[in-house]
Each structure stands twice: as C-alpha cells, then as structure tokens.
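Working notes, structure below.
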Amino acid sequence: MIILSAIKILKFSTKTKCLSTFSPPNFTNLLQLSIESQSLTTTQKLHSKIIQLGLHQNSFIATKLISAYFTCQNPVDSRRVFDAFEHKNEFLWNILINGYAKNALFGESLNVFSQMFRCGVVPDEFTYSSIVKILGELGDLVNGRSVHGRCVRNGVVLDCVVGNSLMAMYGKCGGFQDSLKVFDEMPYRNVSSFNVVISGYMSVKEGVLDEKLWDFVKDMLFEGWEFDAFTVSMLLSLCGEVKKNWCYGKELHCYIVRNGLEDDFVVSSDVHLGCCLIDMYAKSSRVEFGRRVFDRLKRRNVFAWTAMINGYVLNGDFDEALVLFRQMQVEGVEPNKVSLISILPACCSFDRLKGGKQIHAFSTRRGLNHEVSLCNALIDMYSKSGSLSCARRVFEHDCVTKDAISWSSMVSAYSLHGNGRGAVGLYEKMLQHGMKPDRIVVVGVLSACARSGLVDEGFRIYSFAVNEYDLEPTLEMCACIVDMSGKAGQFDRALDFIKTMPMQPGPSIWGALVNASAIHGNSEVHDLAYRFLIQMEPENPSNYVSLSNLYATSQRWDVVAEVRTTMKDRGLKKFPGCSWISINTETHSFYVADKSHPCSVVIYDMLDQLILAMKRDDNGVRFEDTVKVYE
DNA sequence: ATAGGGTTAG
C-alpha cells in the first residue's frame with residue numbers, strides 16, 4: 001500500500017516535471033519506503049529517476065540507495081552506486097561494510113576495510129565495531145586480537161560500543177577471560193556491556209560458572225543498573241532449567257510488567273520477550289501461563305507460534321500442539337523448519353503416524369525435506385511410531401548431508417526395534433565414513449547390544465571408542481555395559497567392569513544390576529547391588545518395588561510384606577506403570593492385572609492365545625501366520 | 001549508522 005503510493009507520487013512528479021517534489025529529503029523518504037518493503041523494483045525505478053535528475057552525487061541519497069540495494073539482497077548494485085560516488089566519506093564506507101555483513105558476505109566486508117586504508121580514509125568507531133563483530137561471527141580470534149590492538153593504539157577502544165563488540169568477539173571465539181578483561185578496563189559502560197558479559201557466561205555453560213553469573217547479575221543490580229529487554233530475555237532462558245539457582249521466572253515476569261517492558265509485545269509488535277516468557281513457562285511445566293502471554297501478544301509471528309507449540313509438546317499436550325499447528329496456518333503464518341521440528345514429537349506414536357507422515361509431506365512440498373535437523377527429527381518420529389523402514393528411507397534419501405545426530409538417531413532406531421545387528425552395522429558404517437563417535441551414539445549402540453545380547457560386540461565397541469577415539473567414558477555408557485553383561489547373565493564380567501570403571505558407580509549402575517539379577521534369579525548379586533542402590537536412593541519407591549517383585553517370584557511372601565511395610569513407614573508410594581492403546585480416537589489404558597475394561601474377558605483370552613502362539617513361534621512356527629488365524 | 005537477546009533434532 002505504502003509502496004504503491006510511493007510509485008504514484010513518482011509517476012505524478014515525473015509527468016509534472018515538478019523538480020521541487022524531488023528535493024533530496026523526499027527521495028530519501030521514498031528510498032526508506034522501498035527499504036522497509038524490500039522492494040527491488042521500486043528501488044530500481046527510484047535509482048533511474050535519481051540518475052535522470054543528476055542527484056546521484058547527493059550523499060544522503062547515495063547512502064539510502066546503497067542500503068536499499070543491500071536490503072533487497074543486491075550487493076552488486078550497492079557496490080555500483082558506491083563506486084560511482086565521487087566524494088566518499090567514512091560514513092559511506094561504513095554503510096558498505098555493514099551491507100555486505102548483512103548479506104553474510106563477511107569476506108567482502110573485510111576487503112572494503114583494507115581498501116579503506118589504501119584510500120587513506122581513517123576508520124572510526126562505527127567501522128571498528130562492525131569489523132570486530134564480523135571477526136566474531138567468523139570466529140577469527142587472530143585477526144580479532146590484531147584489530148583490538150589497533151583499537152587501543154588509535155583510541156577507539158574507549159568507545160563503549162567498540163568495547164562491547166570486542167567483548168562479544170572474544171566471547172564468540174572462546175576467549176571469555178579476554179572478554180572479562182575488556183569489561184574490567186572499560187572507562188564507560190552501558191547496560192549492553194553487562195548483557196554481553198551475561199551472554200558470555202551463558203555460552204561457556206559450565207556448572208561452576210552459574211554461581212559466578214548469579215553474582216555478576218547481583219552486582220549489576222547493586223551498582224544501580226536496570227535490566228533491559230535483552231537482559232531479561234537471557235535470564236529467562238536460564239529459568240526453565242532444573243538448576244536450583246534459577247527459579248526466578250515469575251519474578252522476572254513481574255519485573256517486565258513493572259518496568260513497562262511488556263509494552264514491547266502487548267502494545268508494539270516486538271514479540272521477542274513474549275517468546276522468552278512462553279518458553280520459560282513451558283520449561284517450568286506451566287504451559288497455561290505461557291498460553292496467557294501468547295494470547296496477549298500484539299503480533300503472533302512464526303517464533304511466537306513455534307514457542308507455544310513447542311511448549312505444549314514439552315508438556316505432553318500433543319493434541320493442543322496439533323490444534324495450534326493447524327491454527328497458525330489458518331491465520332496465515334507459514335511454519336518454518338523449527339516449527340516442523342517442534343511439532344514432530346507430537347506424532348511419535350503408532351496412532352499418530354499418519355500425522356507424522358503429513359508433516360513429512362508438508363516439508364517435502366516446502367522443499368525443507370533435505371534439511372538435516374528436520375531429517376533427524378523425522379527419523380526419530382518414524383522410529384518411535386513403529387516404522388523402521390520409513391526412518392531408514394528418510395536417512396537414505398532425504399538426509400543428504402548426515403551429521404552426528406542423523407547417524408545416532410538411525411542407530412537408536414535399530415536399537416529401539418530390537419535389531420542389534422542393524423545398529424552395530426550402521427555404527428561401523430558411520431566410522432567408515434570418517435565420523436567421530438560421540439557419547440550419545442555410543443550409548444545408542446551399546447543399548448542395542450544390551451537388548452540383543454551382543455555382549456562381546458558391546459565390549460569391543462566400548463574399548464575402541466575409549467581407546468582409539470579418546471572418548472571420555474560417561475556414567476551412562478558404563479551403565480549400558482553393566483546392563484548388557486547383566487542381561488546376558490555374565491555377572492562376573494559386570495562386576496569386574498564396575499571395579500575398573502573410571503568413576504564412582506551411581507544408582508544407574510546398581511539399578512541395572514538389580515534388574516538383571518532379578519531376571520536371572522541371582523539372589524547373591526541382587527543382594528549386593530540392592531544394598532548399594534538403597535543406600536544411594538532410599539527415597540525412590542521403584543527400588544523397593546523391584547525387590548518386592550523379586551521375592552514374590554520365589555514366593556517369599558514374608559520378605560515381600562516386610563518391604564511393603566518399609567515403604568509405608570517411609571511414606572513412599574509407587575504409581576503403577578500403565579499401557580494404553582488408541583482406537584478410533586478413544587484411548588484405553590491398562591494396569592498390571594487390570595480387569596476393569598468392559599471387554600476384559602475377551603482381551604485376556606486373546607492374550608493367552610498370543611502367548612501360546614509366541615511360544616510355538618520359538619519352535620519354528622511363524623508368528624505372523626499364527627496371528628492371522630486369530631484375525 | 002555501530003554492540004548485546006528468540007522457537008529446533010540423538
């Protein structure tokens with residue numbers, strides 16, 4: 001609409017040849033409109049008019065024109081305008097550097113920077129802050145340091161924004177200590193300086209630093225600084241996590257309201273903070289509070305919808321997530337890659353496979369199906385929905401470039417489907433492709449070995465990963481080994497392994513052993529493992545239940561009663577596990593020995609027959625054939 | 001005009 005009227009003005013003025021209408025300020029306004037609407041054709045029309053009228057040497061107009069071409073992703077034309085301009089000032093050079101950076105042409109930006117020197121133009125603080133940012137984006141610590149030195153020598157380091165950009169650069173290049181040093185030496189700081197430090201603390205992401213970050217934020221408040229939207233959004237992202245220090249999500253929300261920061265997303269259309277709030281509430285299991293924020297947003301862009309959908313998914317409300325996913329499209333917001341990745345876990349069960357396939361088809365139509373992160377989510381979805389073959393198809397055909405997650409998702413898919421050989425085979429293939437195994441894929445393949453009884457394979461894979469790939473063994477990896485040997489009844493091997501483990505065995509280790517010894521009826525190992533387990537986790541009801549179950553199988557009812565009494569004394573209650581199945585959108589759930597279902601008699605009868613069939617299957621009769629008889 | 005913040009997969 002705006003741009004249409006701009007063109008109308010242009011046509012009218014051309015006809016009337018009224019030159020006063022084209023005084024420079026008007027042209028800059030028109031160019032500003034074409035920047036805001038990112039319209040290349042308007043920019044080109046304005047450009048030709050400007051040349052016709054001989055206004056292309058006007059520095060205001062040239063600047064806007066260069067910016068306009070950059071925002072229309074036409075850097076070549078920006079450069080043409082720049083080159084044709086005769087009296088270039090540093091302002092114009094800076095525009096060029098930034099324009100290239102906005103188009104991710106960082107190399108060009110750096111070229112312009114050195115060209116500036118050759119032309120005898122002195123870069124100013126604007127130039128330096130941009131260049132430093134670019135070096136940060138490139139992770140170029142070497143040049144970052146040398147430019148820092150130059151900033152010190154020519155004095156621009158005293159500029160607050162240059163200081164902030166230097167800090168950010170060091171943070172992105174892994175030099176957080178250097179970043180703190182710059183902060184300490186800054187003569188003038190603003191809130192952003194503090195924000196950069198906070199962001200640095202967060203990207204280092206070590207548990208120890210959490211405490212220091214907390215202290216830093218407290219000091220910031222103590223010195224009288226006020227959080228701005230950037231500060232709050234970063235702190236909010238720490239709140240959903242299970243770390244004890246950061247349960248301040250609600251307080252931060254209050255801060256937002258008190259300090260008028262809510263206007264950003266309720267009055268204006270900057271929904272950034274709103275998204276952070278939705279995410280924080282979702283991660284704190286308070287998705288309904290997030291929904292209230294969502295409903296109040298002035299403008300719901302794809303980020304907002306995705307954050308809300310992801311919130312419902314995280315909290316297990318898959319139906320509501322799917323409702324919102326449809327609604328966002330009805331309201332004309334196009335889901336992006338992240339939206340699709342977020343909704344996919346809502347389709348991770350057999351009864352939702354159809355929905356998952358629809359998402360897959362949708363992504364293919366939008367040309368997103370080769371995106372590696374989306375492929376990985378699809379592999380996981382298909383695997384959890386029971387379709388190993390579809391998972392494999394995505395892995396082979398859609399997933400053109402495979403990353404560590406692609407391989408590990410596919411390995412886990414085989415594991416989940418009880419195909420240990422398939423998992424091991426794929427893992428080996430991954431190594432042949434020159435992919436370095438990480439702790440997660442190793443856990444995936446080891447759990448596959450445990451499920452399929454591939455004990456020797458498992459041990460071989462473990463020591464190869466540790467010795468040849470310098471992989472630090474994790475507790476989870478070790479638990480897999482113990483689980484694997486235990487399930488195969490090789491308790492000596494399991495116990496030997498526990499002795500040589502590089503870390504203290506935790507509940508997961510003893511739990512695996514308790515489980516395995518219960519299966520094999522090995523009461524000696526069971527007693528040993530159980531003693532450790534109870535000592536470590538006296539409050540976990542599952543531990544007592546497993547003990548009681550073990551003694552129940554050997555009809556030691558006296559011990560069973562004793563365990564139950566202990567549990568009662570300690571006030572522990574175990575909620576029984578349950579299975580469910582959805583038939584025609586109705587969900588039926590079953591507990592152990594549950595006879596409450598109206599069709600209970602028929603169901604148990606079928607179950608007995610199936611068990612019989614499976615037993616017969618052991619003797620070479622095909623299970624599928626037997627089932628067919630019952631259908 | 002320059003710096004700092006958002007949704008995602010094993």
Side-chain angles (χ1 to χ4, degrees), chain A residues 63-64 66-67 90-99 101-102 123-134 136 156 159-169 171-172 190-200 202 227-237 264-265 270-280 282 301-311 313-314 335-345 348 371-381 383-384 399 403-413 415-416 438-445:
Chain A
T63 309
K64 279 283 173 219
I66 293 171
S67 301
E90 67 270 27
F91 190 94
L92 212 64
W93 285 92
N94 291 342
I95 291 285
L96 197 65
I97 289 174
N98 266 319
K102 277 189 189 124
D124 58 9
E125 65 269 29
F126 291 96
T127 323
Y128 278 105
S129 43
S130 307
I131 288 296
V132 169
K133 181 190 171 146
I134 288 162
V156 292
D159 180 81
C160 177
V161 176
V162 171
N164 293 348
S165 66
L166 282 167
M167 282 160 53
M169 181 273 294
K172 282 191 182 120
N190 58 16
V191 183
S192 309
S193 319
F194 287 83
N195 291 341
V196 180
V197 175
I198 294 171
S199 153
M202 288 171 56
F227 297 161
D228 66 4
F230 285 75
T231 329
V232 179
S233 73
M234 285 188 288
L235 296 182
L236 276 173
S237 72
D264 281 5
F265 54 88
D270 178 13
V271 295
H272 217 116
L273 252 186
C275 295
C276 295
L277 276 173
I278 294 169
D279 191 50
M280 179 277 293
N301 62 7
V302 65
F303 289 98
W305 282 100
T306 307
M308 197 63 246
I309 289 170
N310 186 49
V313 170
L314 284 178
N336 65 12
K337 185 180 76 179
V338 182
S339 323
L340 300 179
I341 294 171
S342 298
I343 192 68
L344 273 172
C348 278
E371 293 281 341
V372 61
S373 51
L374 183 63
C375 287
N376 299 344
L378 282 169
I379 293 169
D380 193 49
M381 179 276 294
S383 146
K384 287 175 180 159
C399 199
D403 66 6
I405 300 179
S406 324
W407 288 97
S408 116
S409 306
M410 197 60 226
V411 167
S412 301
S415 168
L416 208 61
D438 63 20
R439 51 179 77 177
I440 298 172
V441 72
V442 170
V443 167
V445 72

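In what follows, every chain begins at residue 1, and chains take the letters A, B, ... in the order their sequences are listed. Please read all numbers here as calculations on a predicted model, not as lab measurements.
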*Within the structure shown, what part of the strands sits under 4.0 Å from A:Asn301 by heavy-atom distance: base, sugar-phosphate, or nothing?*
base
*Sugar-phosphate only, base, or nothing, as touched by A:Lys64 at under 4.0 Å among non-hydrogen atoms*: nothing
*First and last nucleotide of DNA chain B, 5' to 3', lying under 4.0 Å from heavy atoms of chain A*: B:dA1 to B:dG10
_Under 4.0 Å, counting only non-hydrogen atoms across every strand here, what does A:Asn94 touch: a base, just sugar-phosphate, or nothing?_
base
*Mind checking side-chain contact (heavy atoms from CB on, under 4.5 Å) for A:Ser192 and listing every partner two or more places apart, or none if nothing turns up?*
A:Asn164, A:Asn190
*Contact class for A:Ile95 (heavy atom, under 4.0 Å): base, sugar-phosphate, or nothing?*
nothing
*Contact class for A:Ala404 vs. all strands (heavy atom < 4.0 Å): base, sugar-phosphate, or nothing?*
base
*asked:* Restricting to side-chain hydrogen bond (donor to acceptor under 3.5 Å, both in side chains), what partner residues turn up for A:Glu371, sequence neighbours left out?
replied: A:Lys337
*Would you please name every residue forming a salt bridge (Lys or Arg N to Asp or Glu O under 4.0 Å) with A:Lys172, sequence neighbours left out?*
A:Glu137
*Looking across every strand, which nucleic acid part, if any, lies under 4.0 Å from A:Ser409 by heavy atom: base, sugar-phosphate, or nothing?*
sugar-phosphate
*List for me each residue that meets side-chain contact (heavy atoms from CB on, under 4.5 Å) alongside A:Ala168, sequence neighbours excluded, and say none if there are none.*
A:Val196
*For A:Val271, which contact category applies under a 4.0 Å heavy-atom criterion: base, sugar-phosphate, or nothing?*
base
_Residue among A:Asn301, A:Ile278, A:Val338 satisfying side-chain contact (heavy atoms from CB on, under 4.5 Å) with A:Thr306_ = A:Val338
*List in chain and number order the residues that pass side-chain contact (heavy atoms from CB on, under 4.5 Å) with A:Phe126, two or more places apart in sequence or in another chain; answer none if no residue qualifies.*
A:Asn94, A:Asp124
*Within the structure shown, what part of the strands sits under 4.0 Å from A:Phe194 by heavy-atom distance: base, sugar-phosphate, or nothing?*
nothing
